[in-house]
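Everything on this sheet refers to the single structure shown next.
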Amino acid sequence: MTPAEAWRTLREGNQRFVDGTSVHPNQDSLRRNELVGAQNPFCVIFGCSDSRLAAEIIFDLGLGDAFVVRSAGQVIDAAVLGSLEYAIDPLGVPLIVILGHDSCGAVTATVDAYSTGSMPQGFVRDLVERIMPSVITAQRNGVTEVNDTVVEHVKQTGNRLVETSQVIAKAVEEGRTAVLGVCYRLGEGRAELVSGLGNV
């Protein structure tokens, strides 16, 4: 698939989910057996760990369709970068989708920390520190509402991926991969495109 074809497949699946007409493709025993020897996903979905954001469900996907990486607030660390680079080379996936969502707890905690100057304890602090650059950028642009800040964080995450990973940057530059930022609306079930790097 091309990046554009992969994105069209995801959009169509999400529309089925929104309409309540999901077909649940590639979820039978035949598909399971086909995948025993190898995988060939057509997209990477790097999303938040939130239990309401089940990527395969909201895009109406099945086994072997998506390579899914999740962390709270879709925070980038070395393990995430390694996972995404593996999806690009050797798997050759043509599309990376960064999937944020409204009412994100990790972004809310970071906005609160920015506003109060009080950081959370434990390893939640690490999440907040990694999201803080997006919150600062949003605040500088006059964005203070959490859901709008999520959009900014999704955009910034895409930029950081390409700036940080030479593997991903090269794949985007060569047109083999695109990086799209998408925000999911919990109430509607709709995944909306908010940013893009590469040709789709």
Side-chain angles (χ1 to χ4, degrees), residues 6-7 10 14 39 41-59 61 63-89 91 93-114 119-138 146-169 171-172 177-186 189 191-198:
W7 175 232
L10 289 178
N14 180 241
Q39 61 173 320
F42 71 85
C43 66
V44 179
I45 300 174
F46 172 37
C48 182
S49 299
D50 193 290
S51 63
R52 300 164 292 181
L53 195 68
E56 291 92 342
I57 294 174
I58 68 171
F59 290 111
L61 301 174
L63 297 172
D65 291 336
F67 190 91
V68 180
V69 180
R70 299 177 74 175
S71 65
Q74 67 274 0
V75 163
I76 298 171
D77 62 14
V80 165
L81 286 169
S83 299
L84 296 177
E85 288 187 352
Y86 177 78
I88 301 305
D89 293 317
L91 293 182
V93 173
L95 182 66
I96 297 174
V97 171
I98 299 155
L99 184 62
H101 65 96
D102 53 16
S103 302
C104 178
V107 173
T108 300
T110 308
V111 171
D112 290 345
Y114 178 89
M119 294 292 282
Q121 299 298 309
F123 286 100
V124 174
R125 181 187 181 106
D126 184 63
L127 293 173
V128 167
E129 288 175 346
R130 291 174 186 268
I131 297 170
M132 190 62 76
S134 297
V135 171
I136 292 171
T137 299
V146 168
N147 291 344
D148 294 333
T149 304
V150 169
V151 172
E152 183 62 39
H153 179 51
V154 167
K155 293 176 181 177
Q156 294 295 322
T157 301
N159 291 336
R160 277 188 213 111
L161 277 183
V162 174
E163 290 167 1
T164 306
S165 169
Q166 293 182 357
V167 170
I168 294 172
V172 170
T177 300
V179 177
L180 299 184
V182 173
C183 282
Y184 177 71
R185 304 302 175 193
L186 294 173
E192 299 174 349
L193 182 67
V194 297
S195 66
L197 299 166

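Just so we're clear, the structure is a prediction, and the values are computed from it rather than from any experiment. In this chain, numbering begins with 1 at the start of the sequence shown. Excluded from the calculations below are hydrogen atoms, water molecules and symmetry mates; all remaining heavy atoms, backbone and side chain alike, are included.
Remark: Asp126 pairs with Arg130 by the salt bridge (charged side-chain N to carboxylate O under 4.0 Å, His left out) rule, at least two apart or across chains. Residues satisfying the side chain to side chain contact (heavy atoms under 4.5 Å, CB included) criterion with Thr110, sequence neighbours excluded, are Val128, Ile131, Met132, Val135. Partners of Asp148 by salt bridge (charged side-chain N to carboxylate O under 4.0 Å, His left out), not counting sequence neighbours: none found. The side chain to side chain contact (heavy atoms under 4.5 Å, CB included) search around Ala171 returns Ile88, Arg176, Thr177, not counting sequence neighbours. Partners of Ser49 under the side chain to side chain contact (heavy atoms under 4.5 Å, CB included) rule, at least two apart in sequence or in another chain, are Arg70. With sequence neighbours excluded, the residues that form a salt bridge (charged side-chain N to carboxylate O under 4.0 Å, His left out) with Asp50 are Arg52. Contacts of Gln39 classified as side chain to side chain contact (heavy atoms under 4.5 Å, CB included), with partners at least two apart in sequence or in another chain: Pro41, Phe67, Tyr86, Leu91. In this structure, the side chain to side chain donor-acceptor pair (under 3.5 Å) partners of Ser165, at least two apart in sequence or on a different chain, are Glu85.
Evaluation of the salt bridge (charged side-chain N to carboxylate O under 4.0 Å, His left out) test over residues 154-165, restricted to residues two or more places apart or in two chains, returns none. Applying the side-chain hydrogen bond (donor to acceptor under 3.5 Å, both in side chains) test to every pair with at least one member in residues 93-105, sequence neighbours left out, gives no pairs at all.
Tyr184 contributes atom OH, which lies 12.5 Å from atom SG of Cys48 (distance to the nearest 0.5 angstrom). Considering OG1 of Thr157 and CD of Glu152, their distance stands at 9.5 Å, rounded to 0.5 Å. For the atom pair CG (Asn14) and CD (Glu192), the distance works out to 9.5 Å, reported to the nearest 0.5 Å. The distance from atom SG of Cys183 to atom CG of Asn147, rounded to the nearest 0.5 Å, is 8.5 Å. Taking CD1 of Ile58 as the start and CG of Leu10 as the end, the distance is 9.5 Å to the nearest 0.5 Å. Interatomic distance, CG of Leu84 versus CD1 of Ile96, reported as 5.5 Å (0.5 Å rounding).
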(message) Please determine whether side chain to side chain contact (heavy atoms under 4.5 Å, CB included) holds for the pair Trp7 and Val182, giving the CA-CA distance in whole Å, both sets of side-chain angles, and the decisive distance to 0.1 Å.
(response) CA-CA 11 Å; Trp7 175 232; Val182 173; 3.7 Å; yes

(request) Tell me, with the steps shown, if Leu161 and Ile98 meet side chain to side chain contact (heavy atoms under 4.5 Å, CB included). (result) CA-CA 10 Å; Leu161 277 183; Ile98 299 155; 3.9 Å; yes

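Side-chain atoms of His153 come within 3.5 Å of backbone atoms of Gly73 as a donor-acceptor pair (strictly under, hydrogens ignored).
For CG of Leu193, the number of neighbouring non-hydrogen atoms (other residues, nucleotides, ligands) closer than 6.0 Å is greater than 12.
Residues Val146 and Cys104 come closest through the heavy atom pair CG1-O, 4.4 Å.
Looking only at side-chain heavy atoms (C-beta outward), Ile136 and Tyr114 come within less than 4.5 Å of each other.
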